[in-house]
J.: 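The structure is given below, and queries will be raised subsequently.
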Amino acid sequence: MNFKDMAVPQSVSALFSAYASFATTMMLIRSLTNELLPAKLISFSSIFVYFFGSISSQTKLVIEENSGFAMNEVFQAAEFYLRTKISPSIDTLKVTKTPRQKKVTLSIDKDQEIIDYFENIRLQWRFLCSVDERNGGGSREKRQFELSFPKKFRDRIVDFYLPYVLRRAKEIKEENKVVKIFSQECQYDDDSGGNWGSVNLEHPATFDTLAMDPELKQSIIEDLDRFVRRKDFYKKVGKAWKRGYLLEGPPGTGKSSLIAAMANYLKFDIYDLDLTNMYSNSDLRRVLLATTNRSILVIEDIDCSVQIQNRQSEEHFDQSSSKFTLSGMLNFIDGLWSSCGDERIIIFTTNNKHRLDPALLRAGRMDMHINMSYCSREGLRVLVSNYLGGEATKHSTYGEIEELIGEMEVAPAEIAEELMKGEETEAVLGGLVGFLKRKREEERKEKEEKKEEKGEEEEKVEEEEEEGDKIVEEEEATKKTNWELRNRVRRTGYGYRGRGRGRGFTRRIPM
Ligand SMILES: Nc1ncnc2c1ncn2[C@@H]1O[C@H](COP(=O)(O)OP(=O)(O)OP(=O)(O)O)[C@@H](O)[C@H]1O
Ligand SMILES: [Mg+2]
């Protein structure tokens with residue numbers, strides 16, 4: 001028998017004797033606690049934790065769903081974050097999908113565990129669900145996560161891992177966010193909330209698909225990025241965290257598309273404010289207060305809506321205090337937004353900047369004026385590549401289209417409409433050339449007609465002037481001098497009105 005054979009029975013017996021003494025000790029403790037303490041007050045396991053817990057190498061963080069009346073942000077973040085950490089080994093998963101979500105969501109069920117690693121530290125997440133006794137015995141669920149990890153890493157986990165989870169959760173939320181567009185249509189008579197009804201913004205416009213001056217596009221993207229980044233800056237200088245854009249351009253140049261592109265880029269919801277439904281500041285206040293942070297408030301065709309508004313308000317309200325004017329509205333929005341709400345963007349659109357109230361154009365009112373103009377060569381390239389693919393810009397007809405675009409004013413919407421008419425590059429580009437030539441011909445004819453009209457008018461003016469000259473000559477011939485005229489004016493109270501434009505006798509003679 002060698003030494004190895006001898007060692008096994010020895011160690012087994014040692015193990016038995018150790019176990020026997022451990023078991024005896026535990027039984028002693030158990031009977032002691034049962035004797036001394038009421039069984040319901042404290043359980044054997046908690047005594048065990050009391051004696052042996054301090055030597056555990058693990059720390060457990062409890063993350064409850066609510067913190068007082070408020071939601072616990074760490075819990076919410078953990079919910080989002082852990083959805084990305086679900087491994088195939090998990091037995092039970094919950095599946096949900098709300099009407100607004102595009103895809104189904106998988107999340108862990110109660111008592112399930114997820115293992116995560118951070119800087120090689122092993123972390124164990126557990127999701128627990130129980131009835132909340134504190135809630136007056138109601139059947140409300142108490143939900144919480146427990147996060148366990150080696151004790152020595154506690155500072156690293158609290159200072160670095162949890163902030164990382166919060167950050168990642170925000171990113172995941174943003175990625176999955178469905179941008180919504182809110183409007184007041186059909187909701188006006190409903191007194192609850194701000195009357196906003198919403199649908200998902202299905203507008204596919206992005207900055208990539210937008211045909212506009214590349215430098216302007218880049219500057220808008222940079223402006224948006226800077227705005228979102230500068231929360232602390234706005235706080236430091238004491239300004240409300242909001243930004244205003246004025247989009248100007250003829251119909252079909254992409255103003256609404258740009259708004260959709262901005263919303264899709266920032267993942268901000270859009271609130272489409274229709275001023276024609278608004279009769280007083282209190283209406284506006286109620287509607288604005290119901291908008292959320294990280295949103296874009298849009299007022300389209302500001303020139304038209306305010307004209308309609310002024311007319312309507314005069315009809316509906318006699319007291320000037322009830323009137324709703326553009327400058328009043330702007331001051332109101334400024335005031336309201338400075339006091340509540342963060343990360344807000346306001347956009348006005350107009351077809352013609354010159355028709356706008358100067359209050360809107362005043363420096364500092366809108367942060368950026370964006371001019372959306374007719375299609376340029378760069379714009380054409382974006383549109384054609386988008387609709388027909390990049391190869392289409394190498395087609396032999398493309399050069400001709402570029403030249404035509406260079407000498408005409410064509411809205412991107414018109415080009416987009418032509419490009420939609422088929423799938424075959426050759427035919428579609430041919431169709432576009434035909435369209436542009438027809439349009440050019442129409443424009444030429446229109447110009448000629450205008451010229452002719454102008455010519456006729458000029459002829460008429462000349463005739464009138466000639467007639468005026470004749471009268472003057474006649475009057476001179478009858479020796480009607482100014483002096484005589486003056487006398488006549490004194491007598492009759494009327495001046496002499498000649499018919500020639502700008503002639504000496506057209507104005508009333510000074511007395
Ligand atoms: N700059 C553009 N880039 C890409 N597509 C465009 C552009 N402008 C217009 N379009 C196309 O034309 C359609 C209409 O354009 P959009 O509604 O954005 O124009 P708008 O300037 O808002 O016009 P309006 O002044 O009539 O409101 C868009 O859905 C898009 O398909
Ligand atoms: Mg529009």
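For ligands, and for the atoms within them, numbers begin at 1 and follow the listed sequence.
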J.: Does any part of the side chain of Lys242, heavy atoms only, come nearer than 4.5 Å to the side chain of Ile345, both counted from C-beta?
T.: no
J.: Can Tyr387 be said to touch ligand 1, with heavy atoms closer than 4.0 Å?
T.: yes
J.: Within 2.8 Å of the Mg ion (ligand 2), is there any N, O or S atom belonging to Ser257?
T.: no
J.: Is a side-chain donor-acceptor pair under 3.5 Å present for Ser107 with Glu79?
T.: no
J.: For atom 4 (C) of ligand 1, what is the closest protein heavy atom, and at what distance to 0.1 Å?
T.: Thr209 O, 3.4 Å
J.: Nearest to atom 28 (C) of ligand 1, what protein heavy atom do you find, and at what distance?
T.: Ser257 OG, 3.5 Å
J.: Looking at ligand 1, does any of its N/O atoms fall within less than 3.5 Å of an N/O of Thr253?
T.: yes
J.: So among Arg444, Lys445, Lys450, which one has a side-chain hydrogen bond (donor to acceptor under 3.5 Å, both in side chains) with Glu448?
T.: Arg444
J.: If you count heavy atoms of other groups shown closer than 6.0 angstrom to CD of Glu215, is the number above 12?
T.: no
J.: Among all the protein's non-hydrogen atoms, which is closest to atom 7 (C) of ligand 1, and how far away is it?
T.: Pro412 CB, 3.4 Å
J.: Could you check whether any heavy atom of Gly252 sits closer than 4.0 Å to an atom of ligand 1, since that is the contact criterion I want to use?
T.: yes
J.: Test salt bridge (charged side-chain N to carboxylate O under 4.0 Å, His left out) on Arg168 and Glu171; report intermediate values, then the result.
T.: CA-CA 5 Å; Arg168 271 298 294 144; Glu171 285 166 13; 2.7 Å; yes
